[in-house]
Amino acid sequence: MSLGKIWVLAEFAEAKPTTTTLELISAASTFADTVEAFAWGEGVAQYQDALGAFGVSKLYDIGSLAGSLPGPKVAAAMAGEISGNTPPDAIFFAASYDGRDAAARLSARLSVGVITNVVNLVSDGSGLSAEHAIFGGEVIVTSKFEGSGPQIFVIRAKSFAPEATRSASCEVASAKVSDLGPTDGAKVTASHAEERSGPKLDEAPVVVSGGRGLGQPDKYQLVEELATLLNGAPGASRAIVDAGWVPYSYQVGQTGKTVKPNLYIAVGISGATQHMVGMKGSKNIVAINKDKEAPIFQVCDFGIVGDASKIVPKLIEAIKTR
Amino acid sequence: MNICVCVKQIPDPTATQSLDPSTNNLVRAGKLVLDDSDTFGVEMALQLVDSAGGGEVTLVSMAPNGEVSGIRTGLAMGASKGILISDPELAGSDALSTAKVLAAAIKTTEFDLVIAATESTDGYTGTTPVQVAELLGLPSVSFAKKVEIVDGKLKVERQTEAGFDEVISPLPALVTVTAGVVEPRYPSFKGIMSAKSKPVATLTVADLGLSGQVGGANSGQRVVAVRKAEARQAGTIIEDNDDAVGQLVGYLEQLKVI
Ligand SMILES: Cc1cc2nc3c(=O)[nH]c(=O)nc-3n(C[C@H](O)[C@H](O)[C@H](O)COP(=O)(O)OP(=O)(O)OC[C@H]3O[C@@H](n4cnc5c(N)ncnc54)[C@H](O)[C@@H]3O)c2cc1C
Ligand SMILES: Nc1ncnc2c1ncn2[C@@H]1O[C@H](COP(=O)(O)O)[C@@H](O)[C@H]1O
């Protein structure tokens with residue numbers, strides 16, 4: 001038995017729905033008869049066909065945020081549509097900066113719980129059970145909502161395949177946002193993009209990440225060079241992001257990106273649970289670490305116990321001279 | 001400038017963690033420690049109060065078993081006082097339930113700003129603080145990597161997918177900070193000594209007028225199963241020697257990435 005209706009908060013980047021948005025819509029289409037999306041931003045109605053191709057039959061257009069942060073407006077738009085109408089059975093948010101905020105605001109507004117860090121959902125007829133990983137992905141916990149109200153899930157990237165299982169013709173409706181008062185007080189005054197070249201970290205077939213074991217910031221160049229040689233993207237542990245060696249957008253893990261490349265190479269990374277949550281799903285894992293007890297070796301397919309600052313230059317040489 | 005910092009007290013994350021098989025809740029036996037994630041918030045608050053030229057930093061923490069050792073760590077860093085909400089009813093609270101308790105406790109104080117971490121080390125729902133903001137009717141800025149007070153307003157650099165946004169908010173407001181926003185100080189010996197005599201008020205669920213509204217019994221979600229994830233096959237691990245890099249190149253060739 002499938003559910004009646006699921007809402008998905010759609011997010012966009014570079015003039016298209018984000019991959020995670022398509023993952024959530026695809027999943028919603030397998031669980032519910034009707035999938036509807038909410039979106040904010042200037043001219044999001046133009047994406048109606050892109051969303052319809054994945055099964056969205058209605059797009060609630062919140063319109064331009066005019067400098068506001070999305071959380072309060074999205075929550076107000078959803079709560080507004082719910083009031084006086086039959087609520088959807090479930091609402092899916094991506095575990096993104098804005099998705100988490102919107103889910104949290106909506107949960108408090110409606111006084112219904114939210115289940116976060118979801119990596120899989122299973123339908124049992126009456127509702128959805130959500131799986132999330134704890135202890136660095138070693139243990140999977142399944143949770144369920146009790147009681148009434150829409151079931152709010154915050155879902156991690158790459159938990160579902162972005163497949164168009166059915167299409168729908170998608171109508172656009174404008175979503176009303178009530179006056180938010182002080183909750184809408186925070187305004188974006190400027191946006192800054194950090195430059196990066198090469199394939200995207202969360203889409204690259206190969207990821208080479210560096211950690212504190214590199215020793216010094218300039219050694220990160222080795223990671224970048226190796227990544228480039230393998231047509232991959234460079235990544236990082238939080239330790240070196242916090243230390244300012246590389247921008248935050250390089251971070252792999254619980255608070256950073258989830259990556260599932262064909263090959264993940266961890267250089268000088270210990271394998272803390274919060275790092276592993278973001279890369280354990282990689283198909284093949286290589287680790288280089290001088291401590292043979294480092295937890296990263298427990299998940300790797302091929303590991304070398306040794307000094308990264310010696311091994312990586314030799315590896316780069318060996319690949320170049322092939 | 002008065003600041004409330006939400007600080008979670010958690011089981012030592014370096015110790016082996018387990019779930020209680022009868023309740024499926026995280027085992028919280030033994031001494032709790034101040035969540036590392038929250039040391040950044042405490043430090044941020046101390047620095048902001050300092051540059052404002054005065055005010056108090058109040059720590060707010062919810063823990064079911066009367067635990068204050070984590071709060072004492074924050075007091076030793078320099079916070080003025082603590083509020084502990086402790087009640088057996090609170091065991092098994094979900095994020096919303098926790099947020100209701102924290103919001104009600106924060107309301108009993110005078111504050112210009114509430115600071116929390118983007119996510120805790122053990123629960124890591126990352127939703128509690130923004131739920132608190134909604135319950136208090138406050139604006140919120142999550143994922144702050146830089147926080148200042150400029151002309152009586154909160155000025156934040158907020159991480160985004162592409163880089164970061166500059167965000168300005170009137171006060172009172174709530175901000176969640178990431179690790180790396182500031183370098184937390186270590187409590188000095190003097191700090192540790194003076195922390196012992198700083199006031200920590202203890203409130204119950206009834207004190208906050210939330211009886212029957214919060215805690216495990218009133219959380220709308222339940223853990224229905226716990227299982228071990230599929231373990232990865234043990235791999236080949238070799239010591240670095242003359243041949244190690246050659247073997248790795250062979251492995252990469254086999255994967256057809258070179
Ligand atoms: C709420 C929360 C969220 C978090 N989110 C994330 C996240 O998203 N991503 C993340 O990565 N972390 C995250 N962390 C941090 C995480 O717990 C670890 O602190 C971090 O991953 C450690 O990074 P590291 O492995 O580079 O450093 P370390 O743990 O210090 O490890 C360095 C490793 O390098 C090895 N080494 C040293 N010298 C050499 C050498 N010459 N050659 C080879 N190896 C060497 C050492 O043996 C060691 O294993 C989070 C933590 C918390 C509390
Ligand atoms: N029980 C608690 N007591 C005090 N603060 C909390 C509590 N739970 C969560 N918080 C705050 O909310 C942040 C995010 O927690 P979480 O939602 O568990 O990821 C924490 O780092 C704290 O700042």
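In the text below, chain A, chain B and the rest are named by the order of the sequence lines, each starting its count at 1.
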Shortest non-hydrogen pair, B:Val167 vs A:Ala186, comes out as CG1-CB, 3.9 Å
Okay, A:Thr116 and chain B: the region with an atom under 4.5 Å from a heavy atom over there is side chain
Q) Would you say B:Lys146 has more than 12 foreign heavy atoms packed within less than 6.0 Å of its NZ? A) no
Q.
Does A:Glu146, at its CD atom, have more than 12 non-hydrogen atoms belonging to other residues, nucleotides or ligands within less than 6.0 Å?
A. yes
So, the part of A:Leu315 with a heavy atom under 4.5 Å from chain B: the answer is both
So, the part of A:Val188 with a heavy atom under 4.5 Å from chain B: the answer is both
message: Is any side-chain heavy atom of A:Val139 closer than 4.5 Å to one of B:Val226?
response: yes
Okay, A:Val112 and chain B: the region with an atom under 4.5 Å from a heavy atom over there is backbone
Item to complete: Quick one: do A:Val305 and B:Ile237 satisfy side chain to side chain contact (heavy atoms under 4.5 Å, CB included)? Show the steps, please.
Response: CA-CA 7 Å; A:Val305 182; B:Ile237 294 163; 3.7 Å; yes
**Asked** More than 12 non-hydrogen atoms from neighbouring residues, nucleotides or ligands closer than 6.0 Å to NZ on A:Lys187, yes or no?
**Response** yes
Of all heavy-atom pairs linking B:Val224 and A:Lys144, the shortest is CG1-CB, 4.1 Å
When the 4.5 angstrom heavy-atom criterion is applied to A:Ala193 and chain B, the contacting part is both
Check: Would you say B:Glu239's side chain and A:Gly306's backbone share a donor-acceptor pair under 3.5 angstrom?
Finding: no
From CA spacing to verdict: side chain to side chain contact (heavy atoms under 4.5 Å, CB included), B:Thr160, A:His192 = CA-CA 9 Å; B:Thr160 61; A:His192 301 266; over 6 Å; no
Value for CD (B:Gln254) from CG (A:Asn284), rounded to nearest 0.5 Å, stands at 8.5 Å
If one checks every heavy atom of A:Asn231 against chain B at 4.5 Å, the contacting part turns out to be neither
Bottom line for B:Lys153: the part with an atom under 4.5 Å from chain A's heavy atoms is neither
Residues B:Val257 and A:Leu230: closest non-hydrogen pair is O-CD2, 4.2 Å
If one checks every heavy atom of A:Gln151 against chain B at 4.5 Å, the contacting part turns out to be neither
Heavy atoms of B:Pro139 and A:Arg105 approach each other most closely as C-NH2, 3.7 Å
Honestly, the part of B:Thr118 sitting under 4.5 Å from a heavy atom of chain A is both
Value for CZ (A:Phe302) from OH (B:Tyr251), rounded to nearest 0.5 Å, stands at 8.5 Å
Report yes or no: do A:Ser96 and B:Glu161 form a side-chain donor-acceptor pair below 3.5 Å? no
Bottom line for A:Glu11: the part with an atom under 4.5 Å from chain B's heavy atoms is neither
| query | Counting N and O atoms only, with roles assigned by atom type, does the side chain of A:Asn117 sit under 3.5 Å from a partner on the main chain of B:Tyr124, one being a donor and the other an acceptor? | reply | yes
Bottom line for B:Ala173: the part with an atom under 4.5 Å from chain A's heavy atoms is neither
For B:Ser142, does its backbone N or O pair with a side-chain atom of A:Arg100 as donor and acceptor, under 3.5 Å?
no
Okay, A:Lys283 and chain B: the region with an atom under 4.5 Å from a heavy atom over there is backbone
Okay, A:Tyr248 and chain B: the region with an atom under 4.5 Å from a heavy atom over there is side chain
Note: A:Ser111 and B:Lys100 closest approach over all heavy atoms is OG-NZ, 3.0 Å
If one checks every heavy atom of A:Pro247 against chain B at 4.5 Å, the contacting part turns out to be neither
Bottom line for B:Gln247: the part with an atom under 4.5 Å from chain A's heavy atoms is both
| message | One pair to check against side chain to side chain contact (heavy atoms under 4.5 Å, CB included): B:Glu119 and A:Thr255. What are the steps and the verdict? | response | CA-CA 8 Å; B:Glu119 58 189 5; A:Thr255 338; 2.7 Å; yes
Most heavy-atom pairs under 4.5 Å with chain A, out of B:Leu19, B:Thr178, B:Thr128, B:Asp94, belong to B:Leu19
Please determine whether the number of non-hydrogen atoms from other residues, nucleotides or ligands lying under 6.0 Å from atom NZ of A:Lys290 exceeds 12. no
Honestly, the part of B:Leu252 sitting under 4.5 Å from a heavy atom of chain A is side chain
Bottom line for B:Ser140: the part with an atom under 4.5 Å from chain A's heavy atoms is both
task = Answer yes or no: are there more than 12 heavy-atom neighbours, outside B:Asp243 itself, under 6.0 Å from its atom CG?
result = yes
All heavy atoms of A:Ile140 vs all of B:Ala229, minimum pair found to be CG1-CB, 3.8 Å
- [ ] Give a yes or no on this: more than 12 heavy atoms of other residues, nucleotides or ligands lie within 6.0 Å of atom CD of B:Glu110.
- [x] no
Cut-off 4.5 Å, heavy atoms of chain B, and the answer for A:Ile285 is both
When the 4.5 angstrom heavy-atom criterion is applied to A:Leu263 and chain B, the contacting part is side chain
Distance-only side-chain donor-acceptor flag, A:Ser107 / B:Gln131, under 3.5 Å
yes
Take A:Glu317 and B:Val245 through the test side chain to side chain contact (heavy atoms under 4.5 Å, CB included) and record every step on the way to the result.
CA-CA 10 Å; A:Glu317 255 334 286; B:Val245 166; over 6 Å; no
- Between the side chain of B:Arg232 and the main-chain N/O of A:Lys280, is any donor-acceptor distance below 3.5 Å? yes
